[in-house]
Amino acid sequence: MYLAADQSLFFSIKKIQDGDQNALESLIEQYKPFVMKITSQFCKRMVVWGHDEELSIGLVAFNSAINTYDLKKKTPFLSYCRVVIENRLKDYVRSQAKYQTAVHLDNHYVNNYFEGKVAQEDYLNKKVEDERRQEMEHLEEILSDFSISFEDLVEVSPKHRDSRQTLVNVAHTLSQREELWHMLTARRQLPLNELERVCGVKRKTLERGRKFIIATAVILYNLDQFIHLNSYINFS
């Protein structure tokens with residue numbers, strides 16, 4: 001697995017920062033579920049579009065994150081976006097005294113975040129590190145159901161670009177076709193016959209790359225749960 005940026009999202013943000021209004025509307029529509037998820041987690045309750053003011057604030061914050069995101073940095077956009085949304089919501093909560101007992105705020109980090117650029121980046125880096133650790137633990141837990149460890153992945157990861165790309169393409173197909181994904185999760189085994197037929201990849205290649213294919217497909221199928229891994233692992 002190699003580190004790389006999410007090129008599709010990168011180019012969308014670049015187009016928006018260059019003034020493409022259609023790209024902005026498209027990206028906002030695509031990531032409204034993400035905004036809802038972050039807002040619901042912050043409020044510790046379900047929120048509804050058109051009913052909860054917090055969602056409107058989250059959407060404005062998402063738009064602000066797009067415009068202020070530094071494309072030259074390696075910080076995953078969605079992680080940066082999460083911080084922007086949460087801090088905009090914290091501002092809102094502070095201005096609404098009646099909500100202050102309903103939402104837990106970490107005042108230490110809130111204060112540090114607004115003390116200056118250095119503190120802001122320090123807060124973001126700590127949050128990214130914590131979220132990345134949580135993602136790795138979550139992935140390790142899922143893969144254990146398939147008897148796959150991180151040590152296994154280091155050993156079986158394809159060394160050659162073409163071989164790797166072939167297995168990544170198979171993982172894409174596996175994650176995007178519900179019938180294939182159901183076979184994988186129900187049997188805890190790759191649907192070798194079906195993948196051989198659909199992808200045109202030899203069975204021997206599929207068997208050799210089984211652990212890599214499954215691990216990659218798990219991340220691709222659960223992109224909202226693996227924001228950092230998706231941003232850094234080259235799946236193109």
**OP:** Check the pair Ile13, Leu27 against side chain to side chain contact (heavy atoms under 4.5 Å, CB included), reporting the backbone distance first and the verdict last.
**Re:** CA-CA 8 Å; Ile13 295 173; Leu27 196 66; 4.3 Å; yes
**OP:** Begin from the C-alpha positions of Lys90 and Asn87 and carry the test side chain to side chain contact (heavy atoms under 4.5 Å, CB included) through to its verdict.
**Re:** CA-CA 5 Å; Lys90 288 172 184 176; Asn87 280 281; 4.0 Å; yes
**OP:** Evaluate the side chain to side chain contact (heavy atoms under 4.5 Å, CB included) criterion for residues Leu195 and Leu180: first the C-alpha distance (whole Å), next the side-chain angles of each, then the deciding distance (0.1 Å), finally the verdict.
**Re:** CA-CA 8 Å; Leu195 285 173; Leu180 296 178; 3.9 Å; yes
**OP:** Begin from the C-alpha positions of Val84 and Phe62 and carry the test side chain to side chain contact (heavy atoms under 4.5 Å, CB included) through to its verdict.
**Re:** CA-CA 7 Å; Val84 174; Phe62 180 78; over 6 Å; no
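Annotation: the span from Leu192 atom CG to Lys204 atom NZ amounts to 14.5 Å, rounded to 0.5 Å. Distance check: Cys199 SG to Leu174 CG gives 8.0 Å after rounding to the nearest 0.5 Å. Separation of atoms CG (Leu184) and CZ (Arg177) is listed at 15.0 Å; rounding is to 0.5 Å. Atom NZ of Lys202 is separated from atom CD of Glu196 by 10.0 Å, given to the nearest 0.5 angstrom. Between Ser79 atom OG and Arg132 atom CZ the span is 8.0 Å, to the nearest 0.5 Å. To the nearest 0.5 angstrom, Arg161 atom CZ is 11.5 Å from Thr166 atom OG1.
The side-chain heavy atoms of Trp181 and Val218, taken from C-beta on, include a pair separated by under 4.5 Å. Side-chain contact between Leu78 and Tyr31 is present, with at least one heavy-atom pair separated by less than 4.5 Å. At a threshold of 4.5 Å between non-hydrogen side-chain atoms, the residues His172 and Val168 count as touching. Taking the side chain as every heavy atom from C-beta outward, Arg197 and Asn193 never approach each other to under 4.5 Å. For the pair Phe42 and Ile85, the minimum side-chain heavy-atom distance is 4.5 Å or more. In this structure, the side chains of Asn22 and Ser26 stay at 4.5 Å or more apart for every pair of heavy atoms. A heavy-atom distance below 4.5 Å is found between the side chains of Glu53 and Tyr92. Taking 4.5 Å as the limit, every side-chain heavy atom of Gln134 sits out of range of all side-chain heavy atoms of His138.
In this structure a side-chain-to-backbone donor-acceptor pair under 3.5 Å is missing from Thr205 to Val201. Listed for the Ser163 side chain is no donor-acceptor partner under 3.5 Å among the backbone atoms of Lys159.
Annotation for Trp49 and Lys32: closest pair CZ2-O, 3.5 Å, computed over non-hydrogen atoms. Across every non-hydrogen atom of Gly58 and Val35, the tightest pair is C-CG1, 3.6 Å. The two residues Ala23 and Asp20 have their closest heavy-atom pair at N-OD1, 3.0 Å. Residues Leu153 and Ser157 come closest through the heavy atom pair O-OG, 2.5 Å. Minimum interatomic distance between Gln225 and Glu135 (heavy atoms only, all atoms of both residues): O-CG, 3.5 Å. Listed here is the closest heavy atom pair of Asn67 and Gln17: O-NE2, 3.9 Å.
Under the 4.5 Å side-chain heavy-atom criterion for grouping Ile, Leu, Val, Met, Phe, Trp and Tyr, Ile16 is not connected to Val60 through any hydrophobic cluster. Hydrophobic clustering keeps Ile213 apart from Val198 (ILVMFWY residues linked when any side-chain heavy atoms are closer than 4.5 Å, directly or through intermediates). Put simply, Leu71 and Leu9 are part of the same group of oily side chains (I, L, V, M, F, W, Y) that touch within less than 4.5 Å, one to the next.
The environment of CD in Glu141 is sparse: at most 12 heavy-atom neighbours from other residues, nucleotides or ligands sit within 6.0 Å. Counting heavy-atom neighbours within 6.0 Å of Lys15 NZ, excluding the residue itself, gives a total of 12 or less.
With respect to the salt-bridge test (charged N to carboxylate O, under 4.0 angstrom), the residues Asp52 and Arg45 qualify.
Using a 30° and 60° split on the angle between ring planes, Tyr69 and Phe77 fall in the perpendicular class, above 60°.
Defined by atom type and a distance below 3.5 Å, a donor-acceptor pair is present between the side-chain atoms of Asp152 and Ser149.
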